[in-house]
Each structure stands twice: as structure tokens, then as C-alpha cells.
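We name chains A, B, ... by the order of the sequence lines, and we start the count at 1 in each one. Just so it is clear, the model here is predicted, and its values are computed rather than measured.
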Amino acid sequence: MADRIDYGKMLNPAQLDAVMAEEGPILVIAGAGSGKTRTLVYRVARLVESGVDPETILLLTFTRKASREMLDRAAALSDARCRFVSGGTFHSLALKVLRRYAEAVGYDNGFTILDRSDMEEVIHSLIPELQMPRTVQRFPKRGTLANILSKAANLQAPLEGFVLEEYGQFVEVASEIEELGRLYAAYKREHSLMDYDDLIILLERLLEENSEIRSELSRQYGHIMVDEYQDTNGIQAGIVKWLAHEHQNIMVVGDDSQSIYSFRGADYRNMLDFPSLFPKARIIKLEQNYRSTQPILALTNALMEQARERYTKCLFTTRSGGEKPRVINTRTEPGQALLITRHIKELTAHGRSLADMAVLFRAAYHSFELEAHLTREHIPYVKYGGFKFLESAHIKDFLAHMRVLVNRDEAMSWMRILRLVKNVGLGKTHAIIEWMKKENAAPGQVGAWPGAGKREQGLKELGKLLGDLSARDLAPEQAVERVMIYYLPMLKEKFDDYPRREKELEQLIPMARRYKKLRGFLDDLVLEPPASPADTAPMGKKAFLTLSTVHSAKGLEWPVVFIIWVMEGRLPSAMSYSNPLNLEEERRLMYVAATRAKDQLIITYPGEESGPAWASYQRRGTGLSSFIAALPTDLYLHGYADAWNRRPHLSAMKRKAGPGETERRKELPFARGEKVRHPAFGTGVVSRFVPDNKVEILFKKAGRKLLHLEYTTLEKA
DNA sequence: CATCACGCTGTTTTT
DNA sequence: CAGCGTGATG
């Protein structure tokens, strides 16, 4: 065991207070960079050191990675037993508990977890049951429906309230959406499915209604800590309330200024309501910032002073010196990417490591332009956030073959794998699923479907695969390899970029190796995203630049931070419906992004040339410009970048079409419908134009259909 | 069943 | 512009 820690030396008085407090409810209000993680780590170490059984400590964090890192740090600090602390997210805790007590909430314990795209698929398939008249024109898309239903679930409130405010365009169909929500709930029950929201809702219900189980869990987890409490919603607060109900040993840590998850019902007011849940709560504030230089902090403090509601603290730092943040109007969106690329090259030329730098943005696609530049300049980067590896079609197709073994009612996965079989479409898929249900057939018997003729040979092969997989109770790794043999030919037929997708599938093999049971493997894939390329890259060999959404950058820090800030006003929805922007949340996003920076902060924004919406937002005072305009000008250096680089093909596109002429890019060497030849793919027809000087070409023969190719690789046929 | 042309419409962030 | 739904065609 390591030497006893001298806590007084390692922590400031407020941190020490939080760490040494052993019993009772405590609310820690911790500003950005105030050593919040450090405090939690030391508290875990301290509890274990003082003889608390590590397994009875529950550390709830926002991601599983965060909890693992904290426990590793605690273990390194004092006692290896810290690794046995129960850590995870609300969702992973819920899964663990619900697998054990599924019957108590009316579920079979073999339920399957729906990830986001599964959820959308189910919802989508239920829309026809609404039997809406054709006159209903504007009905939300599947993704939007999932957003709405999920938020309703997380708020545990009827849709109307927030639909009116956030989805004003859909108020007329609110009752249909609610009906759809009921259909969706019934469907999940019937097929033993839970989505992310059900996990936490059912856990809360279980705790509330079943005092025996509640007591048992209370005894199991005698000390509870919650990180990022400002991002919890009402359900999660309820879980906390019930878990700590008996012993009251609960510490929650958070910062209301960093609440950026309102889209899933999170409410920073939970922070302030904590004392009413636990009347004996003590409040401890951490206000000293150890991360950023004074000029950066001055700007972020000023930013938050404009917040309509500000409950807590003002940060101070003892880090003097450092340069003022820079705010640069690049006049165009592509200009941001170019400016940042140049800046990064300059910094690396002066010896700065790429690992010291990060570029942050609100939405994953905001970095596309930048990624193109980085690739061209051979600057290695890792990207966090945005669309999930797991949600891409080939991964879902692949995993579906294993999901039907774990839960044979899982119609979603059956649909996927059956439709991959040649000459089986929607009709036969439904018939087969019906038949299997009626016969209560095992997955491997699918090949015996009486409707199968010569054309449906593929069904026999599918049956053989599923039979093999279930008969021999294979380890996850072998199951993955077996499915690979079956699925790879289909992959090659379905996707023309199959080499990339094949590589991604191969990543599943080492992941599967870590599990003994198929179900554990599949559960974790849904709840824990696979490691990023940076984690698997040979350490120390290469320094990577980090690109990340603000949401994924939470809790991290870098010496140099760039922020790409794009006006929402560009979006047509905001134009046509005049949806009010959530400026308060936008401000907190900016705050989270800016407080990641230790030494240097560079914010770029596309100036007034970025679109007509800009002017309209400026007029209404509801854009990024209004944040900037409101900040004291002595807190940052403002600059303009040259309008170097408008994309040539964009301006060409704007050329007005003459009479009788369809609008077309002037410099295009061919027209829609024209025949073209490609050296590798042969002859095809120009279908439509896509960005980056590419055309969509339809190839009838060469096996595959639509390819996006650059003009220069094509010639007229 | 599979494929294709065409018209309509509008955000994003994560467990 | 691009994803999605629809309806026509092989």
C-alpha cells in the first residue's frame, strides 16, 4: 500500500472540506477547472483508505470512460482496491439492476437495449398505424420524432409543453405524436425492448415502488457520488434521491454554467433543488481555477455574467500572465478552417506538439472543411463526437445476426438480416417473422420456412449460420468470426466502399475477446462506445491534434484551444419557423468550450458574409455576434481574416440560369443524363451533382450502382 | 422484389 | 443540397 496521503498539502481548503466530509448529503458547486475531478478522486481514495469497502462506493459519471479514469487515478494515488469501486453511468447502473430485477418492472430479463437508430427504426415502422390522412403535410422525420419522444420521456411530461416552444411547426400533429408514443411504448413491451430512456425511467420506478429492492441497493451502495450533476434530469435526480434515501451519504458535484444537455431534459436547476431533496445538505463551493490563465478566465467570467440566471460563483486564478484570447472574423465559413490550419502549422513549427491542441465546435459536421485541410497538410488528428461507429449500417447489419440469438423476439434485427437475403423483401420478411413466431421456432430454423423456394436459397444459409451460433454456445469472439464469414460477401455487394467497412468490422474481434457472454458484449456495445483511434494508436509514436464536439470535450483541457463557431442562423428551419435560438444554452456551450483552454484561446466565426440569415439574426440580436458585441472589448483581441477562399464551385453554382436552361455549374464538363466513362468502373450515367467537384454516377453493369466521383477522373463516353 | 426518377423539406449535441 | 418518400418500371 502507498504511504498515507497528506491531504492538507495536496488540496485547497474547500477541496479538503469536500474530501474529508464522510457522511451526510453534500452539494459541491465546482467551477470549470477548479479541481472537481481531483476532489472526487481524492475522496474515493480517502474513503477506501478509511476502511470503506470499495464495492459499496458508487461513482456515477457521465461516461464510463470518465469513471474508469477517475478510479485509475485513485488507485495510483493510494490503494489498488480503488479499482473495485462501482463506477459507471446512470444507464449502466440501470442496466445492471434491471437485468437482476427485470420481473419487478414487468420485463423478461432477456430484454434487448435499443440504441438511438433502433429507436428511430421502430418509431418509423409504426407511423403507418396512425393512419393519418394524406392532408397532413408536415409530419416530423424519424430522427425528430425520436428527439421529441425521448425528451418527453426524460421530462416525464406531456409533449405539448415543449413542442409548442421548440417544435412550433408540429403543434398541429402533437396528438398524433403522442399516439405514436403510446404505440411505441406498447411495441417495446411486446418485444422485450428498452431504449436508453426506459433504462433510467424503470430504475427510478423500481426504486420508488419497491422498498425492499431499494433497501437492498441502499445497503449495497453505502456511499454515492455523482459527477456532472448539472447534466442530470428529473429522473436521474429521482434515482439519486431514492438510492441515498436511507443513508443520506450522497455527494453531488457540478457547475450550473456548464449545463449543455437540456435537449435530453437535463436541468441545471437540479443543482439548486438538491437541498430540497436533502434538507441537511451542506454546500461547498470550489472557486479557484487551476487551469486557465487570467485573461482567458476574464473573458469566460464576462461571458457568464450575461446569463439570465446565474446561481453560483466567480472563478479566480493565480495564474498570471498569458495572452488575451483572440476572436477572429474570417468572413466565410471555409475561412475558419484555413485560418486554423495555418495557425496550427505555425505553432508546430515553433515546437508545439499537436497533442497540446484541440479544435472544438458544436456539431460534428462543422469540422468537415477543416478535416479536408488537415488531410491535405498531413496533420494527424483524432475526432470525438458526432455519428457513432455503431450506428453505421454495416455494423448494425452485422450485429443483428447476433442480437436475434439473445432475444429471438427482436423483430428489428430480424428485419435487417432477412432483408439482406437475396430475393427476400419487405413482404416475405414479414411473413417469415410471423411464421417463426407462430411456430415458436428457434433462430436456426429460419431456413425451414415453408414459403422458401429455389430463389430463396439464402435463407438456408442464414439458418445454418444461426443454428451454428446457437448450437455451440460460442464465445463472442468466435461468434464474430463466424458471422464475418457469412456477412462479408454481402458487405461487398451492398457497399462500394467495403474495404473501409471491412476494417471497421474487424475491430469488433478484439472487442469481443474481452467478453465471455454474447449478451454482455452486445449490451456494452450499446452503452459504451468503442475506443477512438487515438487510444489504439501506438503511444508516443505520433502526436494527434484533437477535434471534438463541445459535448465530447467536457472535462478535458488543452494548452491551446481553437473554437469554430458557426451561426445557427444559417439553418433554414430557423429562418422559416423563426424558432427562437436557445441563447442561454448557446452561451453555456461557448463557456464550456472556452474554459477548456489553459494558455491560448482562439475563437473564429464567419462574418456577415456567411448568409442572409446572419443579418436577420444580427437585427434581432440573437446571434453569436451579440455575445461578442456584449463582451467588453478590452478582454480580447479582435481580428479580421482575409476572404481568401470562397469555394469556386459554389460561386459558379449561383449563376442564374437562362430561360429554358436548367441551372448548372458553368465549368462542368458534362450534363445530367450524359454518358461518362471511368477507367475502373466503366460506363455510367451522370445522375446528379454533389459537393467537392464530384458527380453521382449510375453504373448499371459493374456490379454496383451509385458512386461519387471527381470530374477529373471521368471522360465523356 | 429490386431499382430508379423525381419532388419535397429542413438542426445539432449523447446515454 | 441531400435524404427521404412515392410511384413507375423492369
Side-chain angles (χ1 to χ4, degrees), chain A residues 60-66 88-95 113-116 119 124 127-128 134 137-144 146-147 150-151 153-154 166-167 169 194-200 228 231-233 235-236 260-266 360-366 384-388 390-391 419 421-429 455-456 526-529 548-554 566-577 579 581-582 585-586 588-589 592-593 649-650 653 663 672-673 685 687-692 694 696 698 700 704-706 708:
Chain A
L60 289 172
T61 52
F62 214 61
T63 62
R64 289 212 209 178
K65 191 163 156 248
T89 61
F90 279 93
H91 292 85
S92 68
L93 171 72
L95 175 65
I113 308 167
L114 297 179
D115 69 19
R116 183 46 193 253
M119 177 183 180
H124 185 73
I127 293 177
R134 296 221 165 191
Q137 282 242 307
R138 191 173 277 149
F139 198 70
K141 294 253 160 65
R142 54 171 94 182
T144 314
N147 277 342
S150 178
K151 183 152 186 185
N154 277 297
E166 290 171 47
Y167 300 91
Q169 66 273 36
M194 286 188 200
D195 61 23
Y196 290 123
D197 307 326
D198 295 322
L199 286 173
I200 56 170
E228 307 276 13
D231 285 325
T232 55
N233 59 33
I235 301 160
Q236 290 162 323
I260 55 176
Y261 281 88
S262 67
F263 63 86
R264 70 186 211 203
L360 307 182
F361 32 85
R362 181 165 38 72
Y365 71 88
H366 288 158
Y384 295 89
F387 273 101
K388 293 284 154 340
L390 277 170
E391 288 175 3
R419 296 204 57 183
V421 176
K422 276 234 172 59
N423 291 316
V424 176
L426 205 55
K428 282 177 203 164
T429 296
R455 300 179 69 208
E456 291 86 9
V526 178
L527 286 184
E528 181 173 43
S548 175
T549 59
V550 178
H551 292 84
S552 302
K554 257 196 151 176
V566 180
M567 279 303 303
E568 298 230 24
R570 270 173 36 81
L571 300 170
S573 65
M575 289 291 283
S576 44
Y577 304 123
N579 275 347
L581 287 181
N582 187 344
E585 179 149 326
E586 189 87 357
R588 293 195 296 267
L589 270 164
V592 172
H649 74 272
L650 277 187
M653 265 177 50
E663 207 153 310
R672 281 179 94 158
V685 178
S687 168
R688 60 163 95 183
F689 300 99
V690 292
D692 300 324
K694 286 185 181 163
E696 187 178 84
L698 180 66
K700 297 236 181 197
R704 245 358 285 161
K705 29 168 202 177
L706 296 164
H708 291 192

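At a threshold of 4.0 angstrom between heavy atoms, the contacts of A:Phe62 are confined to the sugar-phosphate backbone, with no base atom among them. If you check every strand for non-hydrogen atoms under 4.0 Å, A:Gly143 touches nothing. Using a 4.0 Å heavy-atom distance criterion, A:Asp197 is classed as making no nucleic acid contact. Residue A:Ser92 is classed as having no contact, given no heavy-atom separation below 4.0 Å to the nucleic acid. Looking at heavy-atom distances under 4.0 Å, A:Val550 makes no contact with the nucleic acid at all.
Rounded to whole Å, the C1' atom of C:dT6 lies 25 Å from the corresponding atom of B:dT11. Remark: the separation of the P atoms in B:dT13 and C:dC4 is 15 Å, to the nearest Å.
Atom CG in A:Asn233 sits about 12 Å away from atom C1' in B:dT14, given to the nearest Å. Between the C1' atom of B:dT9 and the CZ atom of A:Arg142 lies a distance of 16 Å, rounded to the nearest Å. Rounded to an integer number of Å, the gap from OH of A:Tyr261 to P of B:dT15 is 6 Å.
For A:His124 and C:dG5, the shortest distance from a side-chain N or O to OP1 or OP2 is below 4.0 Å. The phosphate of B:dT14 has OP1 or OP2 within less than 4.0 Å of a side-chain N or O from A:Thr549. Phosphate contact (OP1/OP2 of B:dT14, side-chain N/O of A:Ser552, threshold under 4.0 Å): present.
Among the nucleotides C:dC4, B:dT12, B:dT15, the one closest to the side chain of A:Lys141 is C:dC4. Side-chain proximity of A:Phe263 to the nucleotides B:dT13, B:dT12, B:dT15 is greatest for B:dT13. Listed nucleotides: B:dT11, B:dC1, B:dT15. Nearest to the side chain of A:Lys428: B:dC1.
Nearer to the 5' terminus of DNA chain B, by closest-nucleotide assignment, is the contact made by A:Lys422 (compared with the other of A:Leu589 and A:Lys422).
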| What's the verdict on side-chain contact (heavy atoms from CB on, under 4.5 Å) for A:Phe90 and A:Thr232, showing C-alpha distance, side-chain angles and the deciding distance? | CA-CA 9 Å; A:Phe90 279 93; A:Thr232 55; 3.8 Å; yes
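Using modelled atom types, no side-chain atom of A:Ser552 and backbone atom of A:Thr549 make a donor-acceptor pair closer than 3.5 Å.
Side chain A:Arg264 to base B:dT14: a donor-acceptor pair is found below 3.5 Å.
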